[in-house]
Amino acid sequence: MKAAAIALSLLLLVGCTNGDSRAEFSPGIVTNCDSIVFDTSKAEGTYLECLDGSTGGAIENIKGPAVVNVWGSWCASCREELKYFRNFQKIIGDKVLLLGVDVEEKNMEAGRRFTVKNGITWPSLYDPDGRTRTTFGMGVPVTWFITTDGKVAYKKIGPIKNELELITLTSKYLGIKF
């Protein structure tokens, strides 16, 4: 009974958002990475700059709760799932850090243009040469769910199919209540 009530609540919450990829959305902004908390006690890791050119950090040292979406402007599945992340960000508020990792762009400016054109308003780290392959694996999109102590609770390989999936995974693996 409790599970049914939670599922109904999530469906109602998701139903209040517009997942239509043709829907209008506000332009994005290339956000700095000040909201990312890195575990500075760890000396090693794969260092990435912020897409805005400011200081980033080692991807393995991110502390959550965080949902990390690995994307590329050249990836059709990444473009398709963006509508779910835009709406998810509105739903989660400041309960969870939403973070992108832009991989293997032609150059940093291409990633910035994509961010603005596609309504991305959360920070993104920039991997210009695929150095995160050892961390994330081959291919995009990949979405990671990182706990408060920096452990990867779950790695979703492939595109997010809808907002309910994103909300359910966040609740299940990060313990976030919506």
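Every value quoted in this text rests on a predicted model; they were computed, and no experiment measured them.
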Let me confirm one number: the [atom1]-[atom2] distance from [X] to [Y], rounded to the nearest 0.5 Å.
| X | Y | atom1 | atom2 | value |
| --- | --- | --- | --- | --- |
| Phe38 | Thr40 | CZ | OG1 | 11.0 Å |
| Asn87 | Ile92 | CG | CD1 | 11.5 Å |
| Arg113 | Lys117 | CZ | NZ | 10.0 Å |
| Asn107 | Arg112 | CG | CZ | 9.0 Å |
| Glu60 | Thr46 | CD | OG1 | 3.5 Å |
| Glu49 | Leu125 | CD | CG | 10.0 Å |

I'd like to know if Glu81 and Lys156 make a salt bridge, using a cut-off of under 4.0 Å between side-chain N and carboxylate O. no
For [X] and [Y], which heavy atoms make the closest approach, and how far apart are they?
| X | Y | answer |
| --- | --- | --- |
| Asp102 | Gly111 | OD2-CA, 3.2 Å |
| Asn162 | Glu165 | OD1-N, 2.7 Å |
| Ala66 | Leu174 | O-CD1, 3.7 Å |

Sole candidate of Ile157, Val103, Asp127 that passes side chain to side chain contact (heavy atoms under 4.5 Å, CB included) when paired with Val70: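 The residue from Ile157, Val103, Asp127 that satisfies side chain to side chain contact (heavy atoms under 4.5 Å, CB included) with Val70 turns out to be Val103.
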Kindly work out whether a path of hydrophobic side-chain contacts (I/L/V/M/F/W/Y, heavy atoms less than 4.5 Å apart) joins [X] to [Y].
| X | Y | result |
| --- | --- | --- |
| Phe178 | Ile160 | yes |
| Val37 | Trp122 | no |
| Ile120 | Ile91 | yes |
| Tyr126 | Tyr47 | no |
| Trp74 | Val142 | yes |

Where do Val116 and Ile29 land on the side chain to side chain contact (heavy atoms under 4.5 Å, CB included) test, with the steps shown first? CA-CA 5 Å; Val116 172; Ile29 54 172; 5.9 Å; no
Mark yes or no for whether [X], through its side chain, and [Y], through its backbone, hold a donor-acceptor pair below 3.5 Å.
| X | Y | result |
| --- | --- | --- |
| Arg86 | Asn118 | yes |
| Glu163 | Phe88 | no |
| Thr115 | Val30 | no |
| Ser171 | Ile167 | no |
| Asp52 | Ser54 | yes |

With side chain to side chain contact (heavy atoms under 4.5 Å, CB included) as the criterion, how do Lys63 and Thr148 come out once you've worked through the C-alpha distance, each side chain's angles and the decisive distance to 0.1 Å? CA-CA 5 Å; Lys63 293 174 78 174; Thr148 54; over 6 Å; no
For Lys42, I'd like to know if atom NZ has over 12 heavy atoms of other residues, nucleotides or ligands within 6.0 Å.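 Yes, NZ of Lys42 has more than 12 neighbouring heavy atoms, counting only those of other groups under 6.0 Å.
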Looking at Lys95, I'd like to know if its NZ atom is crowded, meaning that more than 12 non-hydrogen atoms belonging to other residues, nucleotides or ligands lie closer than 6.0 Å. yes
Would you say the ring centroid of Trp71 lies under 6.0 angstrom from that of Phe85?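 Between Phe85 and Trp71, which both carry aromatic rings, the centre distance is not below 6.0 Å.
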Is there a side-chain contact between [X] and [Y], using heavy atoms and a 4.5 Å cut-off?
| X | Y | answer |
| --- | --- | --- |
| Leu99 | Val67 | no |
| Ile146 | Tyr154 | no |
| Cys75 | Pro141 | yes |
| Pro65 | Leu97 | no |
| Ser35 | Pro123 | yes |

Does Glu104 form a side chain to side chain contact (heavy atoms under 4.5 Å, CB included) with Arg133? I'd like the steps, not just the answer. CA-CA 10 Å; Glu104 300 183 43; Arg133 282 185 190 155; 3.0 Å; yes
Mind running side chain to side chain contact (heavy atoms under 4.5 Å, CB included) on Phe114 and Leu51 for me, showing each step along the way? CA-CA 11 Å; Phe114 181 81; Leu51 189 59; over 6 Å; no
Pair Asn69, Thr143: side-chain N/O donor-acceptor within cut-off below 3.5 Å: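 Result is yes, a qualifying pair exists.
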Distance only, no hydrogens: is a donor on one side chain within 3.5 Å (strictly under) of an acceptor on the other, for Ser73 and Glu105? yes
